[in-house]
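What follows is one structure encoded as structure tokens, with my remarks underneath.
Every number for a ligand or one of its atoms is a count from 1 in the order of the listing.
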Amino acid sequence: MISSVLPTYTRAPLSFVKGEGTWLIEADGRRFLDLGAGIAVNALGHAHPALTRALTDQAGALWHTSNLYQIPQQQALADKLVEHTFADTVFFTNSGTEACELAVKMARKYFHDKGQPERVEIITFDGSFHGRSSAGIAAAGSEKMTKGFGPLLPGFVHLAFGDHEALNAAITDTTCAVLVEPVQGEGGIRPLPDACLKGLRDLCDEKGILMILDEVQCGVGRTGKLFAHEWAGVTPDIMMVAKGIGGGFPLGAVLATEEAASGMTAGTHGSTYGGNPLGCAVGCAVMDIVADPDFLAEVNRKAGLLRQKLEGLVASHPDVLEEVRGSGLMLGLKCKVAPADLVAAGYGVEVITVPAADNVVRLLPPLNITDEEIAEAVSRLDRAAGALAAS
Ligand SMILES: Cc1ncc(COP(=O)(O)O)c(C=O)c1O
């Protein structure tokens, strides 16, 4: 008999009932070190006092009015995002998937309104992940996500990750945009080298097409810059954001230049909940902390510390681990065993990690993890890897 919850997930036998910073407390009282952060969502850990205060204060005042009216918290968050990024304008969603939907619509509408309605194709890359909606799965294009769900939304061209020649050849008179994650998350923590992102920007400019970045997983301080593309010194035309921006409250956004957003006039897009007072109050609290250069400097320092310790871990377990890769606090352990086995061994020693494709286990801790927690986490991972080597 089907379970009352639609069985689309394979879930670990763990039920967490409370979170405190980098710690998750299981129903039986065990304390787990959380290096997953709800898949890069709890950017400031669990129950951060500033976020709890922002949410509960707003909950006591006003939950929802709709986008028929001015929403001061939404305006404040948009202003913060515009102040700290390339963007001139922001649309708020409830998730990364919805951000993908708008990014696709915005790019197509841009060329439609420019008198080039034939420019509808968006180039994407192997191993990418952009969400589970019809546009999201068509954009990523993998068989695993699309099989059985046809007909797929047309207009996506899939290329191998990092094949510059193929990319050059694939841009035609019907291309409107390139969509890429600066660091692939689900694909196995695969960073796009800065030189490639710069080259991509130049190519988009040369061909007159838009660059859409999906920073749903790698954005909001995760790589040690507020947004990952900043490392390459380039800016996109459109950017998808979600996960960390809400610190655990469902919140996403599409950021865009005035030019790229020019087709999105009144009535062209909307959302009942997107940009609601609760989510935006929390988003403002997240931005106030994460956009601070001192906070980002600490993320970079801790990322260096964690990476150094993980290099040692890989050296100590050559039969289990192959390499560390990634950027900032978005790190991957490439495994020689099934990643699910290392994740499960981690549960045995009370440390949470997240599997990804390409035989990688992801480490996406809260950005405010402490030095002591980093040391403890690596010690637990050492025990987990040791248990696998012994088995
Ligand atoms: C890069 C990327 N884009 C889009 C999404 C979809 O976001 P959401 O699950 O919030 O809809 C995800 C989710 O993992 C993601 O990692």
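- Here is the list of ligand 1 atoms found below 4.0 Å of a heavy atom in Asp214: 1 (C), 2 (C), 3 (N), 4 (C).
- Here the shortest heavy-atom distance to atom 4 (C) of ligand 1, taken over Glu215, His130, Gln184, Glu101, belongs to His130.
- The distance from the CG atom of Asn276 to the CD atom of Gln58 is 9.0 Å, given to the nearest 0.5 Å.
- Proximity to Glu186 (heavy-atom distance under 4.0 Å) selects the following atoms of ligand 1: 14 (O).
- Listed by number with element, the atoms of ligand 1 under 4.0 angstrom from any heavy atom of Glu181 are 1 (C).
- Between Asp319 and Lys336 there is no salt bridge, since none of the side-chain N atoms of the basic residue sits less than 4.0 Å from a carboxylate O of the acidic one.
- Taking a cut-off of under 4.0 Å to the non-hydrogen atoms of Gly131, the atoms of ligand 1 that pass are 4 (C), 5 (C), 6 (C).
- Rounding to the nearest 0.5 Å places CG of Leu226 at 10.5 Å from CZ of Phe295.
- Leu159 and Leu179 are assigned to two separate hydrophobic clusters, defined by single-linkage of ILVMFWY side chains at heavy-atom distances under 4.5 Å.
- Residue Lys243 touches ligand 1 through its side chain alone, judged by heavy-atom distances below 4.0 Å.
- Cation-pi geometry between Arg108 and Phe156 is met: under 6.0 angstrom from the ring centre, within 45 degrees of the axis.
- In terms of protein heavy-atom proximity, atom 11 (O) of ligand 1 is nearest to Thr97 OG1, 2.4 Å.
- Protein heavy atom in closest approach to atom 7 (O) of ligand 1: Gly96 CA, 3.3 Å.
- Taken from CG in Leu342 to CG in Leu381, the straight-line distance is 7.0 Å, to the nearest 0.5 Å.
- Near Ser95, the atoms of ligand 1 lying under 4.0 angstrom from a non-hydrogen atom of the residue are 10 (O), 11 (O).
- Applying the 4.0 Å criterion to heavy atoms of Gln217 picks out, from ligand 1, the atoms 14 (O), 16 (O).
- Taking 4.5 Å as the limit, every side-chain heavy atom of His48 sits out of range of all side-chain heavy atoms of Val286.
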